[in-house]
Amino acid sequence: MAQRVLTLTDAGGNGDACSLLVPEGMDRWRLGAFLDFLAAGAAAPRQGYLARAPEPQRFESFRQMMLFPESTYNPPIVFVQAGRALGQDDFIDLSGGLNEVALERDDPDTRPDCGAISVSARNRRAMETGGGEIIAAIDELFDFQAHPIVLTDGRRAESVGELVDDFADALDTDNKTRLLFRIAQRIHAAPFENTSKILAGRQFRPGHEMWPNMQQGFGGVCGEKTAALQFFCDMLSIPTRPVLGSDSVIGPDFSESLRQYLDSYGEHKLSADIHHHMLEVRIDGRWHLLDPTGGNIPLAFLDNTDAETLIRHGYRARMVYRVDRLNLRRASTWTGDALLTLSEYHIPRLHLQYVFEQGLGLHISADTYLGVYFDWGGQSSELRQNYYASRARKVRFPYPRFIHENNLHSVPDPLLRDLLAKTLAALRHQYDNQEYTGGFTFVVQPLTPHFWTMPRVSDSVKGRLWR
Amino acid sequence: MDSGCKMDFADVTRRFAKETPGADTVFQPSDIGEYTKDEWDIRISIGDQPLDEAFYFTMADPGATRLSIEELLDSHALNPSLRSQLDVAEYPDLPFMQEELIQFRANERAGLMKLEYFINHNSVGGSVNLRLRAEEFLSVCTYHDGSHDYRVLDIVMVPTTPETDGYELERVRRSYSEELLLILLDYHIEQGPEAFAKFLKTPPAAACLSPWPDASLRHFTDAMKELETKALITRTIAADDFGRATEGDSTLQLTDAGKEAVEALKQDFSKTADYYDQFDSVATAPPALGVPGGFDARVQMMEFDGADCERAVLLQVLGRNRELYFGLDVWVEAFNTFSAWRIVCDAMAYKTNFSAEILQALKDLAG
């Protein structure tokens with residue numbers, strides 16, 4: 001069936017966009033009916049709606065913002081097409097091949113109630129709407145055949161779906177630990193990367209979107225991976241609490257400063273910059289600290305004793321050329337949710353900030369760092385090459401390679417060459433300064449295997465894992 | 001080789017000279033006796049890992065420096081039952097690092113990996129025998145702010161690079177045996193007739209002069225036959241009517257063509273060194289030659305010029321280390337394993353990757 005595209009752009013927020021495909025003969029859609037379609041969620045096809053989202057989990061984020069804006073820290077959404085705000089009885093024009101509706105805010109000066117922010121609520125709704133796709137992704141990544149999880153009735157679990165309603169009683173402590181360890185391993189193994197967000201024009205992926213993304217071989221940054229873990233725990237009603245990391249001290253007033261930051265729309269300065277986001281998970285009354293970030297950071301699955309040591313004395317996290325010494329602090333659920341919500345909905349070009357300003361680059365694996373920098377030639381090129389070469393020499397890495405438009409053909413692997421070409425095109429398109437006349441150069445930095453890589457697993461946890 | 005810095009083709013003994021930020025470490029200083037009553041540290045880093053990420057274990061007994069390095073590792077620093085003694089307040093990761101190091105050692109014992117052990121700042125260089133006493137290898141680490149100074153056994157544990165594998169070794173032999181043998185012969189001829197005669201008696205050389213060469217020395221004898229086929233050497237193998245070797249009459253020498261080939265290799269070596277050594281310490285912003293602590297761009301410059309880098313680097317390594325690879329007691333092992341190839345591989349792995357514009361600017365400076 002031929003189709004038309006309806007693009008929804010969060011013009012009043014972070015600029016993200018998502019698409020809906022509607023049938024060719026559908027020239028218009030009453031806004032009230034569109035909202036009913038949104039409210040129908042998973043039942044929409046059964047109720048006869050023909051529109052479908054090519055990326056269901058991406059669309060789910062938008063659906064929740066449109067229907068439950070308060071949980072995303074947004075005032076009510078106003079639908080604007082061709083400069084005109086649409087009322088419930090107005091029609092969305094679908095007569096073109098591509099049709100765009102901008103999502104603005106009802107009253108930009110109205111401060112939503114930040115107390116209504118809730119990632120768990122969003123996760124539950126995402127499960128109701130698209131749980132099948134997410135469970136299938138988790139099951140494939142988990143591989144229950146190779147990693148047996150035994151239920152209390154003696155059967156082996158074949159899908160995480162069997163545990164959704166009854167996790168607390170379905171498994172004993174050992175099997176709960178194994179389940180979570182395996183999940184943490186899978187998230188850790190997913191690439192630490194921003195490339196897929198650049199290619200998709202996506203600022204930040206929430207937990208429910210991360211699982212299909214990881215199933216396709218992609219990954220994310222620490223906040224996204226923690227969001228994926230939190231989604232899994234919310235799905236099984238496992239209690240969690242966030243642990244934040246910063247190179248400065250995170251004081252007890254951080255939560256309050258975050259509220260003020262939100263209420264002031266970012267004018268009030270936060271009392272600390274947050275550089276890391278982990279999760280504590282409660283298994284049968286005992287808290288465990290999990291860090292599934294990946295990249296150059298070993299997997300951590302710690303009991304409370306070992307976690308206390310880190311929280312009291314600091315946490316070292318390697319980031320390619322340097323080791324960051326982070327101060328850790330347990331935070332309230334609301335604080336973690338607010339940070340994830342800000343990332344998902346409120347920071348324009350956050351993905352570019354991750355890549356450039358925070359220096360996370362495009363991809364970090366155990367043996368390679370792929371970064372990118374602005375390059376307008378001449379001495380700026382020399383300075384940047386010198387910078388990366390000096391950093392490599394300081395930590396005894398091989399010299400990096402510099403790839404740009406003019407030598408892209410020299411990349412021997414065709415898939416990598418194609419990926420870099422697409423990333424280059426995406427960067428040019430998404431960089432918001434249209435007057436920039438320069439280019440971008442990729443840094444390919446091989447990493448020597450001289451890091452600590454073994455997972456940090458507490459002895460008490462090891463005793464509960466597979467023998 | 002201190003990877004990432006200037007690669008000194010003339011110094012093939014591996015050594016480390018890592019520094020702790022904010023401190024100086026001196027190997028066996030003259031005042032080390034002043035610390036004999038103090039606690040001291042065993043520090044272990046992996047390869048080129050920075051020292052501020054190293055594992056350490058504090059030894060309360062000052063006299064324990066008399067123990068062997070091996071005993072200190074197994075009974076103290078890497079003894080899991082002593083985990084509670086680790087300084088987790090300063091570095092919470094220490095227990096997990098200890099576990100990882102224990103795993104390294106276990107893998108080594110199980111034959112799953114090879115480890116070499118070096119002492120940081122050891123002036124002699126080369127790997128250390130773990131059975132030796134620690135006190136011979138201690139350093140003193142002194143912080144610039146005066147906060148700490150203490151003795152340290154500063155161990156660098158290195159998973160060794162894999163031996164050149166079978167296929168690669170065959171390829172390298174096929175490609176470069178001729179060069180290696182010509183330099184070998186020339187080296188021993190230069191030592192004088194008596195020394196050359198001694199060389200000809202070493203088993204592989206003697207096998208070339210035997211009517212019934214030992215099949216286990218085939219690599220060498222086949223390579224020598226190849227030289228003979230190309231008329232670069234002549235051999236006279238004396239045997240009686242029964243095919244038995246007769247001593248004293250067998251000889252081997254370079255032909256005129258062989259001597260010309262050797263001379264050509266020497267010219268290659270000199271020309272390469274004369275020109276490319278200009279690029280052994282460069283800056284790039286702006287481009288400059290001969291700067292202190294600069295980048296070693298020699299290999300990349302050879303590549304830029306279209307030179308055969310592998311061959312050029314190999315000749316430099318062989319030419320600058322003749323005694324090390326061709327000495328009477330070492331040449332057989334060096335030939336069989338093609339041990340010089342490790343240096344070539346390291347040079348290629350750690351070559352610079354500057355842009356063509358920078359390389360051209362450096363070439364223009366060299367003239």
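Quick note on labels: first sequence line is chain A, next is B, and so on, each numbered from 1.
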* **Carboxylate-amine/guanidinium proximity below 4.0 Å for A:R393 and B:D48** => no

* To do: Could you walk me through whether A:R396 and B:Y350 pass the side-chain contact (heavy atoms from CB on, under 4.5 Å) test, one step at a time?
  => CA-CA 9 Å; A:R396 311 290 194 256; B:Y350 286 94; over 6 Å; no

* Heavy-atom donor-acceptor pair, A:W452 side chain to B:F55 backbone, under 3.5 Å -> no

* With a cut-off of 6.0 Å (strictly less than), are more than 12 heavy atoms of other residues, nucleotides or ligands near CZ of B:R171? -> yes

* Asked: So, does B:E53 use its side chain to make a donor-acceptor pair with the main chain of A:F451 at under 3.5 Å?
  -> no

* Asked: In Å, rounded to the nearest 0.5 Å, how long is the span from CE of B:M157 to NE2 of A:H450?
  -> 12.0 Å

* Give a yes or no on this: more than 12 heavy atoms of other residues, nucleotides or ligands lie within 6.0 Å of atom CH2 of A:W466. => yes

* To do: State whether B:E90 and A:R325 are salt-bridged, where the test is any N-O pair (Lys NZ or Arg NE/NH1/NH2 against Asp/Glu carboxylate O) under 4.0 Å.
  => yes

* To do: Would you check if B:F96 and A:L302 make a side-chain contact, meaning some heavy-atom pair closer than 4.5 Å?
  => yes

* Begin with the C-alpha distance, continue with both residues' side-chain angles, and end with the deciding distance and a verdict on ring-ring contact (aromatic ring centres under 6.0 Å, His included) for A:Y399 and B:F295. => CA-CA 10 Å; A:Y399 287 96; B:F295 300 107; 5.6 Å; yes

* Asked: Just how far is it from atom CG of B:L94 to atom NE2 of A:H313, taken to the nearest 0.5 Å?
  -> 11.5 Å

* To do: Can you see which heavy atom on B:P92 is nearest to which on A:G314, and at what distance?
  => CG-O, 3.3 Å

* Asked: Taking it one step at a time, do A:S381 and B:E357 satisfy side-chain contact (heavy atoms from CB on, under 4.5 Å)?
  -> CA-CA 10 Å; A:S381 298; B:E357 290 78 14; over 6 Å; no

* Should B:E99 and A:K462 count as an ion pair when the cut-off is N to O under 4.0 Å? -> yes

* For chain B, which of A:N407, A:V444, A:V395, A:T309 has the most heavy-atom pairs under 4.5 Å? -> A:T309

* What residue in B:A356, B:S45, B:G293, B:A283 has the most heavy-atom pairs under 4.5 Å with chain A? -> B:G293

* Indicate yes or no: at least one non-hydrogen side-chain atom of A:E382 is less than 4.5 angstrom from one of B:F354. => no

* Structure fact -> Checked B:A89, B:P95, B:P50 vs chain A; the most non-hydrogen pairs under 4.5 Å come from B:A89

* Asked: Take atom CD in A:Q379; do more than 12 heavy atoms of anything else shown fall under 6.0 Å from it?
  -> no

* Asked: Between the side chains of A:N386 and B:T284, does any donor sit under 3.5 Å from an acceptor?
  -> yes

* Can you say whether B:A349 sits under 4.5 Å from chain A via the side chain, the backbone, both, or neither, judging by heavy atoms? -> backbone

* Asked: Can you name the nearest heavy-atom pair linking B:D52 to A:R316, along with the distance?
  -> O-NH1, 3.0 Å

* Relative to chain B, which segment of A:R312 carries a heavy atom at a distance below 4.5 Å: side chain, backbone, both, or neither? -> neither

* Asked: Could B:D93 and A:R456 be called an ion pair, given the rule that one side-chain N must be under 4.0 Å from one carboxylate O?
  -> yes

* To do: Nearest 0.5 Å please: distance from the CZ atom of A:R401 over to the OG1 atom of B:T352.
  => 12.5 Å

* To do: Could you tell me which portion of A:N406 (side chain, backbone, both or neither) has an atom closer than 4.5 angstrom to a non-hydrogen atom of chain B?
  => neither

